[in-house]
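Remarks on the structure that follows.
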Amino acid sequence: MSSPMSSHAWKFYRIGGLDQVSIETGEDLLHLHELDPKLWVALSCPVKGLEIDEKTLDWIDTDKDGRIRVLELLAAVQWAAHRLKDAGQLLKGEACLSLAAIDDSTPDGRAVLASARQIVASLGKSDTTIVALEDVTDIAKVFASTQFNGDGIVPPFSSSDPFTASVIGDIVTCLGAETDRSGKGGVSLAKTESFFAELAAYVSWAEKSGSPDVATLGAQTAGAAAAVQALRSKADDFFVRCRLVAFDSRSSLALNRSEADFLALAGKDLTRTASEFTAFPLAWIAVGASLPLCSGVNPAWAGALDALRRDAVTPLYGEGKTSLSEAEWIALVAKVEPCLAWQAAKQGEAVEKLGLARAKEILASGAKEAISALIARDLAVAPDFEAITAVERLLRYSRDLRCLLQNFINFFDFYSNDRHSIFQAGVLYLDSRSTELCIRVENLGAHSAMAVMSKVYIAYVECRRSGSAPMTIAACFTQGDSDYLFVGRNGVFYDRAGKDWDATIVKAVDNPISIGEAFWSPYKRVIRFVEEQVAKRAAAADAESSGKLQGAATAAGVAASTGKAPEQKPKFDVGTVAAMGVAVGGITAALGALLQAFFGLGMWMPLGVVGMIVLISGPAMIIAWLKLRQRNLGPLLEANGWAINGRVKINIPFGSALTDKAVRPQGSHLLLTDPYADKSAKKLRRRIYLVLVLICLLAVAAAWWQKTWPFAGA
């Protein structure tokens, strides 16, 4: 998308290493469509999950795809600016407007102004010159609950005529309700037309039920047709099987089901409707057999056969008829076939529950015209309601557009000291720190896969609060270290409304937090390695000791039972002693060479110490420095559906502002006397310090004795 050449003088600020355009005046807003989108920090953002009124965002999202894009935001700004005398009013972020601020020189502005005055007057505030968002919200609720509200949907209570109201209720019952602006169920013109079309089709179909062509058995035709239809496929199957037996008698056993089929049922508890023998024939298959209706029938079909005899056979053939030949069955089916065809052509099923009498009553009345007139009256007040909606929309834009612009075109709110951005969900307190860069996350797995590119240390935290659905946040730590940020660690999260949530780390994305952490990381890794090796060695020694003790006890038991003394092993292994001597000698030689090289530095010994430290900590610090310079907010937001256009950096000074460490208040006093201090550890530290001092003194003495620096030439 290209932008026209702009003659407007824009002002840019460099914040966080990113050049961001400033939106400060109404002229800036009016020329916003001329600003090249490549200079915008963001190009799209989601509607949900942000700390801004979702209804406002829904109005801006005109294509309803759940995202706000550049053109939609520009359209919102132009819509609001076209109805205000000064577009700069939108940058105040106020939820109220002076009536004098609304532009009455345009038709749209005059309509909004007239509606705003009507709202103020209806609330009994004729003497005020300000309209507030809460006023519009209240009057909209009242308007939406009135008899007509302009949405083209009329609930039953919209009609004062009981019969018309009952017909509206019938439409809702048969075809379902449509929800109007007040949240009540009603009907639209399209649904009304569909209902009456269904009624007409149903009445036309139902009235044919008494015609001689359909009611071939009189009033008993419907019952007979239902009984025949229930057994049609099984009876046809019975007579076809009888024909097969007549064709080849060898098929009799197979067509009547084998003995094995019956043996499979022998071990079960059977019922009259057991599905195991529903598929068996209706009766015994034989050449020229008739279909029995009373005895000798499949128990699973006995009820259906009895209904056939009662409802279809008796009316046609008389009371004493207990079986049907194939010819009689075909004649019976032909007799009820017209009724079956009529039933298959049923129309208006949606309104069948009303019955034929009620359907005729509604069609004969003027209910359709009455409902159509109600809908027309409702639509006639649509302009008034739309005017109120326009006032609410303008007030919402007046309150929320500034906030959205400052978190879309630029990220001034994010870099501000006194405001939070719309994507910051709150503050997490954990591990003697608080972090303000907390972003809501819907899909943890997908988010972490993308957010790792931000080069930020991220703790994914599950937040829980009684009465609220749990949520997950990505908390970014940008100061301190990660030693005690591990899965399972608990803290407290405060959302933007000030509500506190229980918070637990469920996942972490590891990245450097500070250069200081990187400096100590090699030493911490060595200490952890030593601790792990000591723990492993202690565990191995414990296992070995237990094994030896168990072996000695076993050997003693064997000796006691056999009378033989256990074999004695030598207390010392000469090979082991020799190997230990070689190892100690090698270590001593290496240590001596190291000390000789160190003391050989002379006056450069302090630099040697610094060099060793740099050699150990330098690589980790360089890697951390490079990654800290690359910290970027973009991947964190893009994982939530944003399209970030600029590189929103989080440098070291800004990172220190996003995460606060615990600091004692100024003027407070710290008493170092700890009644529970570990005195033995304190003594051990003193001894270590004493040993270090003695080593230094010995080094000085050795230097004096050897006449090396600083005693050279003395």
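The first residue in the sequence is number 1, and the count goes up from there.
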Minimum heavy-atom distance [X]-[Y], with the two atoms named:
X	Y	answer
V391	V112	CG2-O, 3.5 Å
I60	A76	CG1-CB, 4.0 Å
G185	P156	O-CD, 3.6 Å
R393	W79	NH1-NE1, 3.5 Å
L189	I375	N-CD1, 3.3 Å
I52	L57	CG2-CD1, 3.2 Å

Would you call [X] and [Y] a salt bridge, using N to O less than 4.0 angstrom?
X	Y	result
K346	E352	yes
K191	E198	no
E328	K321	yes
D248	R250	yes
R440	E51	yes
E462	K507	no
D58	K64	yes
R465	D500	yes

Test log, rule side-chain contact (heavy atoms from CB on, under 4.5 Å), inputs V461 and V506: CA-CA 6 Å; V461 180; V506 294; over 6 Å; no
side-chain contact (heavy atoms from CB on, under 4.5 Å) assessment of L633 paired with F423: CA-CA 11 Å; L633 178 68; F423 50 78; 3.5 Å; yes
Taking atom [atom1] of [X] and atom [atom2] of [Y], what is their separation to the nearest 0.5 Å?
X	Y	atom1	atom2	answer
S251	R243	OG	CZ	14.0 Å
F280	D237	CZ	CG	12.5 Å
L404	I68	CG	CD1	5.5 Å
E72	C45	CD	SG	9.5 Å
I458	H447	CD1	NE2	6.5 Å

Below 4.5 Å, heavy atoms only, C-beta onward: do [X] and [Y] meet side chain to side chain?
X	Y	result
V492	W501	no
P281	L255	no
L401	R396	no
V214	T221	no
D53	R399	yes
D180	P155	yes
L282	L231	yes
T179	K184	no

Qualifying salt bridge (charged side-chain N to carboxylate O under 4.0 Å, His left out) pairs, either residue in residues 148-177, two or more places apart: D170-R358
Check against side-chain contact (heavy atoms from CB on, under 4.5 Å), D378 and S158: CA-CA 9 Å; D378 186 81; S158 297; 5.9 Å; no
Stepwise salt bridge (Lys or Arg N to Asp or Glu O under 4.0 Å) check, E392 with K55: CA-CA 11 Å; E392 181 183 2; K55 186 173 182 180; 3.1 Å; yes
Close aromatic pair by centroid cut-off 6.0 Å: Y397 and W59: no
Verdict with reasoning, D65 to R67, per salt bridge (Lys or Arg N to Asp or Glu O under 4.0 Å): CA-CA 6 Å; D65 66 345; R67 299 170 66 82; 5.4 Å; no
R69 versus S44, side-chain donor and acceptor atoms under 3.5 Å: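 Looking only at side-chain atoms, R69 and S44 do not form any donor-acceptor pair under 3.5 Å.
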Parallel, tilted or perpendicular, as decided by the 30° and 60° cut-offs, for the rings of F408 and W40: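 W40 vs F408 ring planes: perpendicular.
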Audit row: C242, V287, side-chain contact (heavy atoms from CB on, under 4.5 Å) steps and yes/no: CA-CA 5 Å; C242 290; V287 177; over 6 Å; no
Greater than 12 external heavy atoms within 6.0 Å of Q78's CD: yes
Residue M471 excluded, over 12 heavy atoms near CE under 6.0 Å: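 Yes - once you tally the heavy atoms of other residues, nucleotides and ligands closer than 6.0 Å, there are more than 12.
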